[in-house]
2 protein chains.
Amino acid sequence: MPVNRPVTIKDIARRFNCSPSTVSRALNDHQAINEDTRKNIQEYAREVGYQKNEVSLSLLNKKTATLGVVVPSIGHYYETAVIEGLHAVLQPMGYTLNICVTNENYLLEKEYLSKLLSNRIEGIFLSVAQETYDGGYYEHLEQVTHRQTPLIFIDREYEAFETSRATVDDYHGAYAAVEHLIQMGYRRIAHLKGPNGLTVTEQRFKGYLDCLAKYEIPISEEYIINTNFKVESSIVPTKRLLDLTVPPDAIFGANDQVAIGAMRVAKDRGLSIPQDIGLVGFDNSPITAYTFPSLTTVSRPGRKIGMEASRLFLNQLNASDDFVPENIVLPAELIIRESSLRLR
Amino acid sequence: MPVNRPVTIKDIARRFNCSPSTVSRALNDHQAINEDTRKNIQEYAREVGYQKNEVSLSLLNKKTATLGVVVPSIGHYYETAVIEGLHAVLQPMGYTLNICVTNENYLLEKEYLSKLLSNRIEGIFLSVAQETYDGGYYEHLEQVTHRQTPLIFIDREYEAFETSRATVDDYHGAYAAVEHLIQMGYRRIAHLKGPNGLTVTEQRFKGYLDCLAKYEIPISEEYIINTNFKVESSIVPTKRLLDLTVPPDAIFGANDQVAIGAMRVAKDRGLSIPQDIGLVGFDNSPITAYTFPSLTTVSRPGRKIGMEASRLFLNQLNASDDFVPENIVLPAELIIRESSLRLR
DNA sequence: CTGTTTTTTTCAAACGTTTGCATTGAATAT
DNA sequence: ATATTCAATGCAAACGTTTGAAAAAAACAG
């Protein structure tokens with residue numbers, strides 16, 4: 001096919017019998033260029049649709065104005081909120097975000113990081129894939145820090161790796177959720193856990209455990225079941241919970257999806273919510289306000305996390321030699337709705 | 001800060017007292033390079049973490065192996081499914097996707113397109129922003145086609161603009177949904193429309209109208225209300241519908257979110273679904289199978305759309321002079337669930 | 001008309017890599 | 001010893017742009 005070669009500065013120079021430098025300066029409003037020359041060149045450039053080749057500029061300036069955002073998925077409300085936050089701060093500063101979705105795949109994560117570095121991006125925001133976690137297996141990150149490319153963790157992280165991070169206080173969010181259930185009179189509180197190995201999963205789990213301990217409620221192994229954060233994955237576990245000889249009177253879901261799945265199962269069994277069983281989710285995704293009953297949940301400030309992460313990035317960029325990574329933890333907020341508001 | 005300048009081929013050449021060409025050839029396993037030289041260079045390169053500068057290569061080869069994906073939002077299930085589909089085909093071929101979210105903002109869409117072209121991406125997948133539509137206002141796309149950069153529309157489109165497109169048959173999907181409601185005995189069917197001006201909105205609306213006409217059911221203006229596709233935006237409209245002297249006995253929502261909002265309002269009023277009122281959504285997002293009652297909906301094959309769009313792109317890339325844009329329309333499938341399955 | 005200043009333009013190098021062609025050095029054939 | 005072949009490496013240009021320094025052209029003063 002006859003690819004319309006993009007018009008270059010040289011093409012324009014040829015047209016005006018002048019040197020590329022003159023064209024470049026004319027287009028950039030350099031003062032040492034004759035007014036007429038400038039006008040003519042600019043006009044012609046507009047006419048033929050000249051567009052600066054950013055690739056060559058990137059090579060010259062060693063700046064790409066591009067940042068990598070590496071996340072496991074973009075399907076959930078929270079994740080898109082984070083990206084929104086990053087965008088809100090960085091887009092106006094001229095940065096382009098290169099969003100890479102790893103699908104929780106370690107190899108893909110590794111490949112993306114390499115590729116981003118090869119493309120000389122200027123910073124990376126990373127929420128690690130599920131598969132990565134076990135055993136602090138993070139050598140693929142060494143290349144990033146070796147390059148002195150700013151690396152910011154978002155939410156999911158390698159705890160041992162030294163870099164800036166912006167996370168939500170999942171622990172206290174979970175604690176508050178469980179405490180609320182206890183205050184509502186629930187005592188047999190089950191937990192639909194997230195996938196093992198993720199910081200978020202473990203923090204929420206820990207909040208659950210510690211709160212029960214604090215209120216001297218015995219912890220039952222049977223009441224703790226894993227999910228993969230998707231709706232479907234909570235159906236069987238919830239059924240199993242409700243089939244127990246002593247079924248729970250409340251379920252704390254590791255995210256909204258699994259709580260909604262549990263809600264469905266409970267309703268199928270004819271249980272009334274919150275009278276027979278209390279439910280709490282996590283994330284405060286938009287639908288939770290409109291389920292029937294509406295779902296009590298823990299709100300994670302995704303947009304804010306994105307904005308804070310941006311700030312961390314900028315800090316590191318302008319930092320001096322003795323830069324020490326920063327650690328931002330934003331609070332999660334309990335949103336009390338109908339699914340747990342039991343009248344006694 | 002002392003930025004660790006990435007090691008270049010020249011650095012390696014200096015280290016071995018040889019020319020950059022030799023290093024380049026050694027790293028690329030060129031046959032005309034002495035076995036020992038090759039080994040030494042490769043080993044050293046690995047040691048110091050050499051990583052090819054793709055920017056310079058892009059400049060040299062005029063190939064960036066990067067594609068732009070410009071979408072209004074990434075919050076909904078369908079959109080992420082499409083991206084998943086694009087990814088599934090293009091990632092293995094070595095393409096990087098540069099995902100740009102316009103937030104339905106025309107100016108941002110325009111800016112992104114310019115930026116992508118400046119960055120010499122090799123193709124663009126575009127789902128146009130809401131604001132863009134009125135009046136076939138698409139001059140910002142001319143620059144793309146002028147560059148002969150393949151441009152593929154996804155779902156939302158400028159109908160008059162000539163380029164390849166992959167869309168879902170919203171019309172027949174909507175038609176099937178309404179027909180199903182009619183077959184279930186509903187007669188006063190309302191429609192919670194999407195935002196005006198979008199092809200998807202209009203096609204679903206048309207399906208609704210045509211089906212009613214076909215079954216000789218009178219169309220009532222009062223039964224048609226706009227939403228913005230978000231849950232919240234369906235609350236007031238649904239209330240208004242139910243407050244009518246002759247309220248509808250079924251509601252066809254332009255997407256799942258608004259249908260779920262309507263479900264909530266109906267339940268608040270003590271209406272039983274599907275006995276008192278039937279509900280149908282659109283998109284088949286994962287939660288719809290687990291609401292109570294589960295939501296009848298129309299499934300859009302997002303992943304397939306992404307894959308088809310990739311195919312269209314590849315076709316155009318390998319096309320000859322007389323390339324004519326292709327137009328793929330995939331069927332939407334009615335998924336019948338509890339919210340409309342009325343026992344007569 | 002020469003010398004000086006000022007304005008405008010060009011030169012050349014740089015960014016990192018690849019690649020056709022030329023060159024070098026050695027080995028082999030004559 | 002000279003010619004021929006072959007393997008291994010170097011040279012130089014190219015991609016598109018910017019930029020400091022040099023050069024050219026124009027304007028002005030004496």
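Just so it is clear, the model here is predicted, and its values are computed rather than measured. Lettering follows sequence order; numbering is per chain, from 1.
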In whole angstrom, what separates [X]'s [atom1] from [N]'s [atom2]?
X      : N       : atom1 : atom2 : answer
D29(B) : dT18(C) : CG    : P     : 12 Å
L27(B) : dT17(C) : CG    : P     : 9 Å
I33(B) : dT24(C) : CD1   : C1'   : 14 Å
L59(B) : dA13(D) : CG    : P     : 17 Å
Q31(A) : dT19(D) : CD    : P     : 12 Å
N61(B) : dG16(D) : CG    : C1'   : 14 Å
I41(A) : dT17(D) : CD1   : P     : 13 Å
K63(B) : dT18(C) : NZ    : C1'   : 15 Å

Classify the nucleic acid contact of [X] as base, sugar-phosphate or nothing, counting any heavy atom under 4.0 Å across all strands shown.
X      : result
F16(A) : nothing
I9(A)  : sugar-phosphate
T8(B)  : sugar-phosphate
T37(B) : sugar-phosphate
N28(B) : sugar-phosphate
D11(B) : nothing

- Message: If you assign L57(A) and C18(B) each to the DNA chain D nucleotide with the nearest heavy atom, which residue ends up on the more 5' nucleotide?
- Response: C18(B)
- Most 5' of R25(B) and R120(B) on DNA chain D, judged by nearest nucleotide: R25(B)
Exercise: do [X] and [Y] side chains pair donor with acceptor under 3.5 Å:
X       : Y       : answer
R38(A)  : Q42(A)  : yes
E122(B) : T149(B) : no
E111(B) : Q91(A)  : yes

- Task: Can you check whether any acceptor in the base of dC11(D) is under 3.5 Å from a donor in the side chain of S21(B), or vice versa?
- Result: yes
- Query: Is a salt bridge present between D11(B) and R5(B), judged by a nitrogen-to-oxygen distance below 4.0 Å?
  - Reply: yes
For the side chain of [X], counting heavy atoms from C-beta on, which of [options] is nearest?
X      : options                   : value
S24(A) : dT19(D), dC15(D), dG16(D) : dT19(D)
S19(B) : dT17(D), dT9(C), dG10(D)  : dG10(D)
N34(B) : dG10(D), dT9(D), dT17(C)  : dT9(D)
K52(A) : dT9(C), dT17(C), dT17(D)  : dT17(D)

- May I ask you to verify if any side-chain N or O of Y50(A) is less than 4.0 angstrom from the OP1 or OP2 atom of dG16(D)? no
- Message: Check the phosphate of dA14(C) against K62(A), side-chain N and O only, distance under 4.0 Å to OP1 or OP2. Yes or no?
- Response: no
- After noting the C-alpha distance and the side-chain angles of Y50(A) and Y44(A), does the key distance pass the ring pair (Phe, Tyr, Trp, His ring centres under 6.0 Å) rule? CA-CA 8 Å; Y50(A) 168 78; Y44(A) 180 75; 9.9 Å; no
- On a heavy-atom basis, the closest approach of L113(B) and Q143(B) is CB-NE2, 4.3 Å
